[in-house]
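The structure appears right after this line, and notes come after that.
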Amino acid sequence: MALTGRLGLLALLGALVPLFAPHWWALLAVWGVLLLGVVADLLLAGNVRALRFHRAGDTNVRLGETARVSLIVENQGRRRLKARLRDVWPPSAGAAPRTVRVDVPAGERRRVEMTLTPTRRGDRKAVTVVVRSVGPLGLAARQLSRAAPWTVRALPAFPSRRHLPAKLARLRELTGAHVALIRGQGTEFDSLREYVDGDDVRSIDWRATARRNDVVVRTWRPERDRRIYLVLDTGRTSAGRVGDIPRLDCSMDAALLLGALASRAGDRVDLLAYDRRVRVRVEGASRTDLLPAMVHAMAPLEPELLECDAAGMVSTLMARVRQRCLVVLLTELNTAALEEGLLPLLPQLTSRHLVMIAAVSDPRVGEMAAGRGDLASVYDAAAAERARAERRRLTAELRGHGVEVVDAPPDEIAPALADAYLALKAAGRL
C-alpha cells in the first residue's frame, strides 16, 4: 500500500478543522471520511499482485549505440489495471523512458518498449519493476516491486574499425595480391633480382652474385600462420583516463584492430588480460570467431587498482607460448612500474619472442609543454617537458632491449599499432 500526495494535503486541511469547528465530532468526522476514502481506493485500485512480467529484446549492444528491450506486462487478475510503471536500470544503462502508464484489461498483456544507450562497457542488469495503481479518488495506491531479470552487455565501441579497409589494402600489397614483393629475413623465399639502393645487404645472395656481373638479392614472400599474442595490462595504470577515455578502452580498441588485421593475414591471434592473475584468455579462436570472442571477453573487463605482477605475466606467457611469436603488450610507459617490474624480465622474454609495447600518450602533456602565458603555465610546461624526457628515455631503454615501442595518442594508437605490425611484415621480421 502507498499513500498519495493528495491524501497528505487533505490530512493537512483536516488538521485545521478545529480552528473553525471546535467540536470534537467534526474532527472525527473529517478523519473518518478520509479513512473511508483510503479504504475505498485500496479496494477499487487494480490488483498489482496479479501482474506477471516477461522480457524480450537485445542482449548485446555496442557502446554508444541503442538497444531495445521489451517488458511484457501480463494481468492475471479479474479487474482492469490502470497504473504507472517504472522499469529500473542502473544509471549507466541509459534507460528511457523513466516511467510509463499502462492499461491492462483482465487476462490480457501489454508490451512496454524500453531503449538502452549504455555509457560504460560491461553487463547492465535490470534492477526491478515498480508498479503503482492509484484508486479512483487518488488518496491511496497499491504498489509492487518485483524483479524482472534481464542483462544487456555493452560491448567495446571499436571506433578504429574505420581504419581496417586501408590497412587491409596495405596487407594485400604485402602478401602479393598486388604486384609488390618485400625483402627481409624469416620469410618464404620467392625469387632473385638485381640489387637496388636501399635493399637490405643481408638479403644479398652471394652465390648467385658470384655467377653474375651484378649483385643479386633474394625476394621473400611473407609467411602465414604466425602467432600474435596480445596482452592487456589491466593493472592500476590502465585505470588512468586520457581525456574522457580510460587507457584500458584505448588499448582494447587497438587490440581489436590488430586482431582483425592479423587474422586476415592468416596469422593466429590470442588474447590475454592480466594484472595479478589472468582476467581473460582467448586462445584458438578461428578467423571468423576471433573478433566476437575478443569483444565479448573484453566487455566486462575493468581495471584493478593494484600493481601489475610482471613476473606472473611473463611466466604465464612463457608457459602458454612455446614457439617464437610476436608478443604485443598494451600497457602504460610508467617509469616506476616498468623499471621495477617488466624491465628486469625483458631479456627472458626477448630471447624467445619478438616483443612490442604499445602505450597511449596523453595529448594534454604536449599542450602543457607549449604553454608560456603566465607563471603557472611555465611551471606546467617544465613539468610536462620533464615527463616527455622521461618517456623518451624509457622508450630508448626498451628499444635497447630489442623491444619495438608504439607510443601514440588515443585517436592514433590503433592505426599506429597496425602500421607497426605491417612494418614487421614488410621487413620480414614476422
Listed partners of Glu340 passing salt bridge (Lys or Arg N to Asp or Glu O under 4.0 Å), at least two apart: none
Does a salt bridge link Arg386 with Glu390, judged by any charged N lying under 4.0 Å from a carboxylate O? no
Does some side-chain heavy atom of Leu345 sit less than 4.5 Å from a side-chain heavy atom of Met318? no
Can a donor-acceptor pair be found, under 3.5 Å and without considering hydrogens, that links the side chain of Arg276 to the backbone of Glu307? yes
I'd like to know if the side chain of Trp150 reaches the main chain of Asp58, judged simply by a donor and an acceptor atom lying under 3.5 Å from each other, with no hydrogens or angles considered. yes
In residues 362-370, what donor-acceptor pairs under 3.5 Å come from side-chain atoms, sequence neighbours left out?
| unit_1 | atom_1 | unit_2 | atom_2 | d |
| --- | --- | --- | --- | --- |
| Asp362 | OD1 | Arg364 | N | 3.0 |
| Arg364 | NH1 | Glu367 | OE1 | 3.3 |

Pairing residues for Val88 by the side-chain contact (heavy atoms from CB on, under 4.5 Å) criterion, not counting sequence neighbours: Arg86, Val127, Thr128, Val130
Contact check, side chains of Val282 and Leu230, non-hydrogen atoms, under 4.5 Å: no
So that I can tick it off, tell me whether Arg101 and Asp103 are bridged by a salt bridge, with the cut-off set at under 4.0 angstrom between side-chain N and carboxylate O. no
Test log, rule side chain to side chain donor-acceptor pair (under 3.5 Å), inputs Arg247 and Thr237: CA-CA 8 Å; Arg247 276 195 166 89; Thr237 57; over 6 Å; no
Would you call Glu108-Arg80 a salt bridge at under 4.0 Å N-O? no
Tell me every residue that passes salt bridge (Lys or Arg N to Asp or Glu O under 4.0 Å) with Arg55, counting only those two or more places apart in sequence or in another chain. Asp87
Residues at least two apart in sequence or cross-chain that pass side-chain contact (heavy atoms from CB on, under 4.5 Å) with Asp249, listed by chain then number, are Arg121, Ile245, Pro246
With sequence neighbours excluded, residues passing side-chain contact (heavy atoms from CB on, under 4.5 Å) with Ala423: none
Can Glu74 and Arg146 be counted as an ion pair, charged N to O under 4.0 angstrom? no
